[in-house]
**Q** 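Have a look at the structure that comes next, please.
Below, chain A is the first sequence line, B the second, and so on; all start at residue 1.
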2 protein chains.
Amino acid sequence: MDQDRPLWLRIVEQFRQKIRSGELPPGARLPSRPEIMRDFGVSDAVAKQVARVLISEGLAVAKPGSGTYVRERPQLRRLIRAWYRATRAGSPFAAEMESQGRRAAWDYDSRTEQASEHIRERLRLDEPAGDEIDVLRTEYVFYADGEPVMLSTSYEPLDLTRGTAVVMPEEGPHAGRGVAERMLAIGHPIVDWIETVGARLGSAEECARLHQPPGSVLLTIERIYESQTRVVETADLVVPADLFLLVYSGRMGAEG
Amino acid sequence: MDQDRPLWLRIVEQFRQKIRSGELPPGARLPSRPEIMRDFGVSDAVAKQVARVLISEGLAVAKPGSGTYVRERPQLRRLIRAWYRATRAGSPFAAEMESQGRRAAWDYDSRTEQASEHIRERLRLDEPAGDEIDVLRTEYVFYADGEPVMLSTSYEPLDLTRGTAVVMPEEGPHAGRGVAERMLAIGHPIVDWIETVGARLGSAEECARLHQPPGSVLLTIERIYESQTRVVETADLVVPADLFLLVYSGRMGAEG
DNA sequence: TCGAATTTGTGCGTATGTATC
DNA sequence: GGATACATACGCACAAATTCG
């Protein structure tokens, strides 16, 4: 009788299989805890464990007072991260979302501050003199069709932009047109980009801000933009791995 | 007394804070279940929940019969995925690992088969005639310092390589030298590459093969290599997000 | 070598609060 | 309001693995 594998695992596998095969389609209701206890002849602890595992695997969502349901999986969208920069003008995010038939929007909040040591290294800035304010930090939330899909924190060295028309990313003649266009406008065209991609579980706060269940997997991107002589911007981007794939492409032997 | 947040969460946060701050360094032993029950005056269920959450967050590992310990975090290594292709010869993986002072090795298993519809699309192959065998599939496990760090499944169209000295990736004069060099040898130099990056929780089997705890976050890469006229190889790569960051870089306006 | 103590994993039973329907 | 469902919390028992005298 006892097949050595835990009771809860054997039940989880049955549900996994039914969900993967489509027998339990997205939105379908899973048996309640009392029903699982009755159907499989197990205790409440096992029924709880089954639900917990399916939820942590991202296969199900629990709705208190209602039931546990097979998770609706949004279609994976692609974020093209290499070639478009050369071909698109304006906001890359908006252009890409609209090319996929989705409405793009974003919130932002800019403020000047003294760079942390970590950010100073990424921007290759000198040590600040005393309390000197040396960077502009902008926090973004990007939306597609009204749903938040990406968080971003951008840093720009103030000594580049101070006194120009593009100090504030989302104000003035170049508002909402992207870093590349703004830096070009003040004579610092971006020539090199570096993106360092990682992944991790999101914090409770990040998941809430992205309207994702707690503990969702996030893709993280550390982006660096360089002109011929300077790092002109760096940013930390975060997107739910359930929403996007990142697409990089290039030509063999094409510099780097 | 009751601050609205669950009891287990408040205890989890204390441990999280102690781990993050270094008060509980990697390898340190966390209190056992009975100790937590005593120290915090809570039930066994809460003590179990605390351990479960810390483990699922990747902050701790449980050793049955011994205790629960703060997880040892290997230093994050970078996998350079853009520029090196032009500058390195031989196995890119080996070159990169050795440049980081690590010993590289790999296992492989090649076999011919009929491509699935999905792989056929990626390789842009025509429908096979009947039972025709049309691809060579090679499963790799890559090791750094003896530890498995990357899984890869590679597909090559057999009509390109059949009858040449490079049919088998790991045999003949170009054994272990990488796809690019082998394809060049038969007159199909790779000119374009596309990598689609995602992330997800690993299956139990994947985590075991990578010597990672169950439920670890994995980075996935779908790679496509194209010559001037053909898709010459495609591969699915999987690496633990706790071990590697992927670095992509390029030049603005440089083709794509 | 053996055995006792400890620790985690699994499993059972019960109770209360709160959200949904 | 009442029934249902999930989240939280308490208590207990046993098996398997580890540790250590």
**Q** Give a yes/no answer on whether the side chain of A:Arg5 brings an N or O atom under 4.0 Å of OP1 or OP2 in C:dT10.
**A** no
**Q** Between P on C:dG9 and CG on B:Leu54, what's the gap in Å once rounded to a whole number?
**A** 12 Å
**Q** Does B:Lys63 get its side chain close enough to the base of C:dG9, under 3.5 Å, for a donor-acceptor pair?
**A** no
**Q** In whole Å, I'd like the distance from the CZ atom of A:Arg29 to the P atom of C:dT20.
**A** 14 Å
**Q** Would you indicate, yes or no, if D:dT4 has its OP1 or OP2 atom less than 4.0 angstrom from a side-chain nitrogen or oxygen of A:Ser32?
**A** no
**Q** Taking for each residue the nucleotide of DNA chain C with the nearest heavy atom, is it A:Ser66 or A:Lys48 whose nucleotide lies nearer the 5' end?
**A** A:Lys48
**Q** Does A:Glu113 pair with A:Arg137 as a salt bridge, N-O distance under 4.0 Å?
**A** yes
**Q** Could you tell me the separation between the CZ atom of B:Arg38 and the C1' atom of C:dT7, rounded to a whole number of Å?
**A** 14 Å
**Q** Please give, in whole Å, the distance from D:dG11 P to B:Met37 CE?
**A** 7 Å
**Q** Compare the minimum distances between each of D:dA7, C:dT10, D:dA5 and the side chain of A:Pro64, then state the nucleotide with the smallest one.
**A** D:dA7
**Q** Is A:Thr68 near enough to D:dC6 that one of its side-chain N or O atoms lies under 4.0 angstrom from OP1 or OP2?
**A** yes
**Q** Let me know the distance between CZ of A:Phe40 and C1' of C:dC12, rounded to the nearest Å.
**A** 18 Å
**Q** Tell me: CD1 of B:Ile36 to P of C:dT6, nearest whole Å?
**A** 17 Å
**Q** Can you check the A:Leu7 CG to C:dG13 C1' distance for me, whole Å?
**A** 15 Å
**Q** Determine whether a donor-acceptor pair (N or O, by modelled atom type, separation under 3.5 Å) exists between the side chain of A:Ser66 and the backbone of A:Lys63.
**A** no
**Q** Does any donor-acceptor pair link the side chain of B:Arg33 with the base of C:dG9 at a separation under 3.5 Å?
**A** yes
**Q** Just compare D:dC6, D:dA9, C:dT7 and give me whichever is closest to any side-chain atom of A:Pro34.
**A** D:dC6
**Q** Classify the side-chain pair B:Tyr143/B:Asp107 by whether it contains a donor and acceptor separated by less than 3.5 Å.
**A** yes
**Q** Quick one: which of C:dC12, D:dA9, D:dA5 gets closest to the side chain of B:Trp8?
**A** D:dA9
**Q** Looking at B:Glu35 and B:Ser32, would you say the former's side chain and the latter's main chain have a donor-acceptor pair under 3.5 Å?
**A** yes
**Q** Under 4.0 Å, counting only non-hydrogen atoms across every strand here, what does B:Arg52 touch: a base, just sugar-phosphate, or nothing?
**A** nothing
**Q** Base of D:dC12, side chain of B:Asp44 - is there a donor-acceptor contact under 3.5 Å?
**A** yes
**Q** State which of D:dC6, C:dT8, C:dG11 makes the closest approach to the side chain of B:Ala62.
**A** C:dT8
**Q** When the distance from CD of A:Gln49 to C1' of D:dT8 is rounded to whole Å, what number comes out?
**A** 16 Å
**Q** Do B:Arg16 and B:Glu57 sit within salt-bridge range, that is, some charged N less than 4.0 Å from a carboxylate O?
**A** yes
